[in-house]
Amino acid sequence: MDDENNIKEDLDFWATNSEESGWNISSTDEGSQKMLEEEDEKQIKIQTGSDVVDDYVYNEESTDDERMIVNMGPQHPSTHGVLRLQVELEGEVVRRVKPVIGYLHTGMEKTGEELAYFQGPTNTTRMDYLSPLFNELVFSLTTEKLLDIEVPERAKAIRILMTELNRISSHLVALATGGMDIGALSMMIFGFRERELILNFFEKTTGLRMNHNYIRPGGVAADLPDNWQKDVKEILKVIPEKLKDYDEMLLDNPIWQGRLKNVGILTTEECLAYGITGPSLRASGFSWDLRKTQPYSGIENYEFEVPLLSDSDVFSRWRIKVLEIFESLKIVEQVMNTIPKGAYRIQDKKVTPPPRKRLDESMEALIHHFKIYTEGFKVPPGEAYVAVESPRGELGCYIVSDGSSKPYRMHVRGPSFCNLQALPVIMADSPIADAVAAIASLDPVIGDVDR
Amino acid sequence: MSYETINVDINQYYETVENFKKEGYEMMVDLTAVDWYRKREPRFQVVVNLLSVSKNLRVILNVSVPDESLKIPSICEIYPGANFFEREVFDMFGIEFENHPELTRILMPDDWTGNPLRKDYGSGRIPVQFKNAPKVD
Amino acid sequence: MFSPDNIFTTTIDKAVRWSRTQSMWPVTFGLACCAIEMMAAGSAKYDLARYGMEVFRASPRQADLMIVAGRVSQKMAPVLRQVYDQMAEPKWVIAMGACSSTGGMFNNYALVQGVDHIVPVDIYVPGCPPGPQSLMHGILTLHDKIMEGEINR
């Protein structure tokens, strides 16, 4: 008897399917993150939203024998990055889901308190790594609000040009990986091929393909290169033609429609209750886009529309991304035609460093250069919050300053962190094959979730 | 982009948030905390950011958490989207939210001790060893 | 390989090493920004399929190469070790990017300062993120090292 017990103990230590204490015990399991076998009513109410009527969560009785908790682990080809989902399945139908995050936590808010204000964009740009220019833009806008300075017109136009191109490249990655998850493998090749054109332009202007440290407090780091209009004209010509290819392949395809229509419904009340913004909110019929309602950096001078659909399923979220690419191309064309001449960063000597050749001529320039690059410019005490419309929703940055050259507290409100709370609502009572489509449509970027 | 900043006392915190929701602030955008270590009393301050999409207005509420207990009521029943935000503040600062459905660590591993974003928690920086320099332990 | 070195075993050795380099399948271990560059290396402009590597296997039992692309946090480290242990011999590891080689620009409490604290690494590819061309240079260097017999598995 003793031997039997010992062997059982040894087996339990290594087993991945141990019947005694739940179905997903392994050496990487974290105890309190485990899904509870019984969830009391309060938890179900919170999970589905207290004021929100959700018909999809069941009420019928079924025995517990048929339910199984399965782990879609952090290393998985279809969760977008390191997201762990604990899914309670009854047959093929998902009953409850619990996302576990934190596998990419980098301590960026702590690092932000140790870097000076002009080094801040190198840190925040790696949070949402598919749209790095938006993170730099929101950090710079918040710093400029604290400093109470105004950026020249040419710098504002360059910022809009770069960020709208970044919106196009981020939506292309979302379409590519979403298509690959659902099975249309050639979407991956198409999406990344178009993205290479835009990354080429970014490399010419900023020096890097991704994680450019380009938009800084006070303007941008360098002016646009010569003949940049030629590259932008090529982008404007090629991308609409290729988008027609996607439509030919997918729009009227019965398999695509069958897999995506009426799947993963997220109504407007649910979106507002959970704080979800971006394409998911606009696909449910509610028109809220920060570029129109609370414009930033001179975007109110350009004409564009905000696409709006009202089906609130995965198909409309995908369709909105394609329509938004067309609108961003319109903005890029207008910027290209009407960009003003002038300085690309503010001429205030306390904030921007002088150009290199003046360092040989003037003592004052040398001192300014030294002070800015070793200690950093000082920002008056106060707090500020600015939000922009990133491809995933509302991206905001909250900085508290105490008068020194480093932020006292820097917090970035990532849209994916908030959007992930909708996962239990979307995935409830639908087959597990739809779960992959639903996650792909919410478009989470785990760097933004974990920071 | 302008917003109003309001300082709220902790005893009226829950009713104030309920009143804002009734007045039409449908979305809670952000919930975070600031650690005023040795600069202000009391030490922790929770910041709540509300947005009204129908009126296009924002408001920011600043609440000070009492030093002895470090507890503050949770607003998950008013805004279900506050769930992850409050868990993150609990993980990073150690402030407890009463009546939260599941208050556990979210970003750090479960058996981690300490609250990383407090000012008296070091950044954990490992000094870099250079090749011909005297060795640093 | 404990047999004496004669003409037969060295030729078979070379043939075995050559065949190992010609279709190494990576396991999907993309964590952060470097994962996007890894996907771009596998797509149309910089093609990894010409080396036989466009198939990223999801299951570690079917893969021989693990490209650790991205920053490894404290919570992810045991998962990384478990996936590495589940791969079958022979296996190789490439640490792609600054964050997995040495911790990168994040020298703080939350990241493992270099993935070689956890798994043995063969090639380090620097860059933040390294472009697809740098990654392919790293892969080809790994192929050369295997062909010359420096890495014996």
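Chain naming here is simple, since letters A, B, ... match the order of the sequence lines and numbering starts at 1 in each.
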Begin with the C-alpha distance, continue with both residues' side-chain angles, and end with the deciding distance and a verdict on side chain to side chain contact (heavy atoms under 4.5 Å, CB included) for Glu18(B) and Ile75(B). CA-CA 9 Å; Glu18(B) 264 180 337; Ile75(B) 56 175; over 6 Å; no

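Heavy atoms closer than 4.5 Å to chain B are found in the side chain of Glu113(A), but not in its backbone. Residue Thr111(A) does not touch chain B at all, counting heavy-atom pairs closer than 4.5 Å. Interface remark: Phe286(A) contributes side-chain atoms only to the contact with chain B (heavy atom separation under 4.5 Å). For a residue to count as touching a neighbouring chain, one of its non-hydrogen atoms must lie under 4.5 Å from one of that chain's; by this rule Ala384(A) touches chain B with backbone and side chain alike. At a 4.5 Å heavy-atom cutoff, the contact between Asp35(B) and chain A is made by backbone atoms alone.
Under the 6.0 Å distance and 45° angle rule, Arg451(A) counts as a cation-pi partner of Phe417(A).
A salt bridge links Arg409(A) with Glu109(A); the closest basic N to acidic carboxylate O contact falls under 4.0 Å. Looking at Arg105(B) and Glu88(B), no side-chain N of the basic residue comes within less than 4.0 Å of a carboxylate O on the acidic one, giving no salt bridge. Electrostatic pairing of Glu98(B) and Lys71(B) does not count as a salt bridge here, judged by no charged N lying under 4.0 Å from a carboxylate O.
Of the listed residues Asn49(B), Asp111(B), Asp91(B), the one with more heavy-atom pairs under 4.5 angstrom with chain A than any other is Asn49(B). Contact count versus chain A (heavy atoms, under 4.5 Å) is highest, among Glu26(B), Lys39(B), Met28(B), for Lys39(B).
The CZ atom of Arg126(A) sits 11.0 Å away from the OG1 atom of Thr106(A) when rounded to the nearest 0.5 Å.
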